[in-house]
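Computed from a prediction, not measured in an experiment: that's the story for all the values here.
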Amino acid sequence: MEAAVAHYTATGNRKFLDCLCRYADYIATVFGPGPDQIHGYPGHEEIELALCKLAAASGNDAYLKLAKFFVDERGREPNFFVEEAKREHRYLTYDLANRQAHVPVREQRKVVGHSVRALYLYAGMADVAGATDDAELLQACERLFENLVERRMYITGGCGSTPMGEAFTVDWNLPNDTDYAESCASMALVQFARRMLNLTGRGRYADIMEQALYNGALSGISLDGTNFFYANLLEVDENTFTHGVTLKERVPYFDCSCCPTSFCRFLPQLGSFAWSSRPGELRLNIPAAGEATLEGITVEVGGSYPYAGEIPITLRSAGKFRLSLRIPGWCRHHELKLNGRPVENAPLDGYVTIEREWQVGDRLDLTLDLPVEAVRSNPHVTSNAGRIALMRGPVVYALESVDNGRVLPRLAIRTDRPFELIPAPGLPEGTVAIRGTARKDEDDSDGHLYYTGPRRSSECDFIAIPYALWQNRGPVDMAVWIREA
Ligand SMILES: [Zn+2]
């Protein structure tokens, strides 16, 4: 359905769209609230958001009604999956929460179950809430989003703490070397956050959308675009216990074709994450370089964000409208100039807005401070105790053995020493790496599993590269969270 909508949007040709409309018409005869219909809903959510897209593209609200039915019926008593199992004289062999069908979605307070299913469900809920002006459903989305980002999301925007059920677990449980964090889950989080951003206008949603995009989503694909991670670990070494999925190296394909094909849908949508519009207003959410045309207005963005914070923005169209620029939540200091002159720019909900009669060639210069930040975890996250992660802007960094040797667990970063920015060795031109100082513990074990004696350590440099680009220089050990000296 999404492919049909994309085809119609790109070509104006209705052939594919009409075909999928007929298919959706048929689904709507089988499933629905009527006495002769099945009061069921998908085991793996995703059709909800596709039906909303189909409704918008075709102008037929029947598809929106069906999406709303799937959303509202989910988890209601008597539970469809339980009844189905009874009818078929079998035991229910799976956990209802894994399919987010344990209680009605409006009563769900925590993100649970299969992480990709969950996030596509929430994206569909946001679509239905927006299209039907359903404040209660939007509130449910807001609650789930907050539980996710404050309790259950990896710093990379990775979602799913365990391969068992490819699922969320409990609050604060974020193991780094046995997680799942499926590529699709981060892509789905970007989709959910984008919808919440467009519905509410709040910069917080843009912050998470950007964090998941630049880290946990893009880590799923190799630099040359031909190899993929299914699960995205945050720590890999010689002992990493793999659970049937290739975790240490990206591969060309999987038995389940899920993640690689998701990228085919995800990457062409980058423009819609970077930019959005509301009546009379253009919104720059992610100031990545490029040219955008929205509502007949063309704007060009230069610079090399997220590696550089100096962002020139040039108007290629004239007219009276509002232009809103996001000031990210992580940014402690920013400056804005219009045609060389500083402008008043107190952000509201994460955006500064300028309204004027724009002329062709008008230029805005936005500067976002991009220092290296040592990020710490809430102490409840025991797997990160005593450790820090390095971020610069939205980019999460990781250490690889190719730069640092196979000693990553023995390193402790000195945050009292300066960090230096250097060109990332062996990665595309313009990629910024971080160099700093670490304390390295000596190995005095003499081959024993346990030993006693004083700790000896020395000082060394370390190099960190953007997490999304790890494992592009051969097989390596890697770690995001490193001990702090
Ligand atoms: Zn996937």
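Judged by distance alone, with hydrogens and angles left aside, the side-chain atoms of Asn345 form no donor-acceptor pair with the main-chain N or O of Val352 at under 3.5 Å. Put simply, the side chain of Asn472 gets close to the backbone of Leu223: a donor and an acceptor are under 3.5 Å apart. Side chain of Gln211 to backbone of Ile155: a donor-acceptor contact under 3.5 angstrom is found. The closest donor-acceptor contact from the side chain of Asn147 to the backbone of Leu144 lies at 3.5 Å or more, if one exists at all. Side-chain atoms of Asn215 come within 3.5 Å of backbone N or O of Pro394 as a donor-acceptor pair. Judged purely by atom type and a 3.5 angstrom limit, Arg417 has no side-chain atom pairing as donor or acceptor with the backbone of Gly436. In this structure, the side chain of Arg410 engages the main chain of Asp441 through a donor-acceptor pair within 3.5 Å. Counting only distance, with no hydrogens or angles, the side chain of Ser186 and the backbone of Ser183 share no donor-acceptor pair below 3.5 Å. No donor-acceptor pair closer than 3.5 Å links the side chain of Glu373 to the backbone N or O of Gly393. In terms of modelled atom types and a separation under 3.5 Å, the side chain of Arg195 and the main chain of Gln191 share a donor-acceptor contact.
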(request) Evaluate the ring-ring contact (aromatic ring centres under 6.0 Å, His included) criterion for residues Phe273 and Phe266: first the C-alpha distance (whole Å), next the side-chain angles of each, then the deciding distance (0.1 Å), finally the verdict. (result) CA-CA 10 Å; Phe273 310 140; Phe266 182 74; 5.2 Å; yes

(request) Test side-chain hydrogen bond (donor to acceptor under 3.5 Å, both in side chains) on Tyr180 and Glu166 and set out the steps. (result) CA-CA 6 Å; Tyr180 201 67; Glu166 309 184 340; 2.8 Å; yes

(message) Assess the residue pair Arg406 and Asp477 against the criterion (salt bridge (charged side-chain N to carboxylate O under 4.0 Å, His left out)); give the C-alpha distance rounded to whole Å, side-chain angles, the decisive distance to 0.1 Å, and a yes or no.
(response) CA-CA 7 Å; Arg406 302 196 78 173; Asp477 296 351; 2.8 Å; yes

(request) Evaluate the side-chain hydrogen bond (donor to acceptor under 3.5 Å, both in side chains) criterion for residues Ser458 and Glu442: first the C-alpha distance (whole Å), next the side-chain angles of each, then the deciding distance (0.1 Å), finally the verdict. (result) CA-CA 7 Å; Ser458 56; Glu442 301 303 327; 3.1 Å; yes

(request) Go through the steps to decide whether Lys337 and Glu335 satisfy the test salt bridge (charged side-chain N to carboxylate O under 4.0 Å, His left out), and finish with yes or no. (result) CA-CA 7 Å; Lys337 286 179 182 167; Glu335 280 171 21; 5.3 Å; no

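The structure places CE of Met153 at 10.0 Å from CZ of Phe168, a figure rounded to the nearest 0.5 Å. Taking SG of Cys258 as the start and CZ of Phe228 as the end, the distance is 11.5 Å to the nearest 0.5 Å.
Counting all heavy atoms, side chain and backbone alike, His7 lies closest to Asn13 at ND1-O, 3.9 Å. Of all the heavy atoms in Glu238 and Lys248, the pair that sits closest is O-NZ, 3.7 Å. Minimum interatomic distance between Ala433 and Ile465 (heavy atoms only, all atoms of both residues): CB-CG2, 4.3 Å. Nearest heavy-atom pair, Leu213 versus Leu218, reported as atom, atom and distance to 0.1 Å: O-CG, 3.2 Å. Residues Ala292 and Leu294 come closest through the heavy atom pair CB-CD1, 3.8 Å.
When each of Ile388, Thr382, Val381 is checked for a side-chain contact (heavy atoms from CB on, under 4.5 Å) with Asn384, only Val381 meets the rule. The salt bridge (charged side-chain N to carboxylate O under 4.0 Å, His left out) test with Glu146 is passed by exactly one of Arg152, Arg204, Lys110: Arg204. Exactly one of Leu364, Leu338, Ile297 qualifies for a side-chain contact (heavy atoms from CB on, under 4.5 Å) with Leu323. That residue is Leu364.
Contact check for Asp127 versus Leu64: no side-chain heavy atoms found under the 4.5 Å cut-off.
Less than 6.0 angstrom separates the ring centroid of Phe145 from the ring centroid of Phe192.
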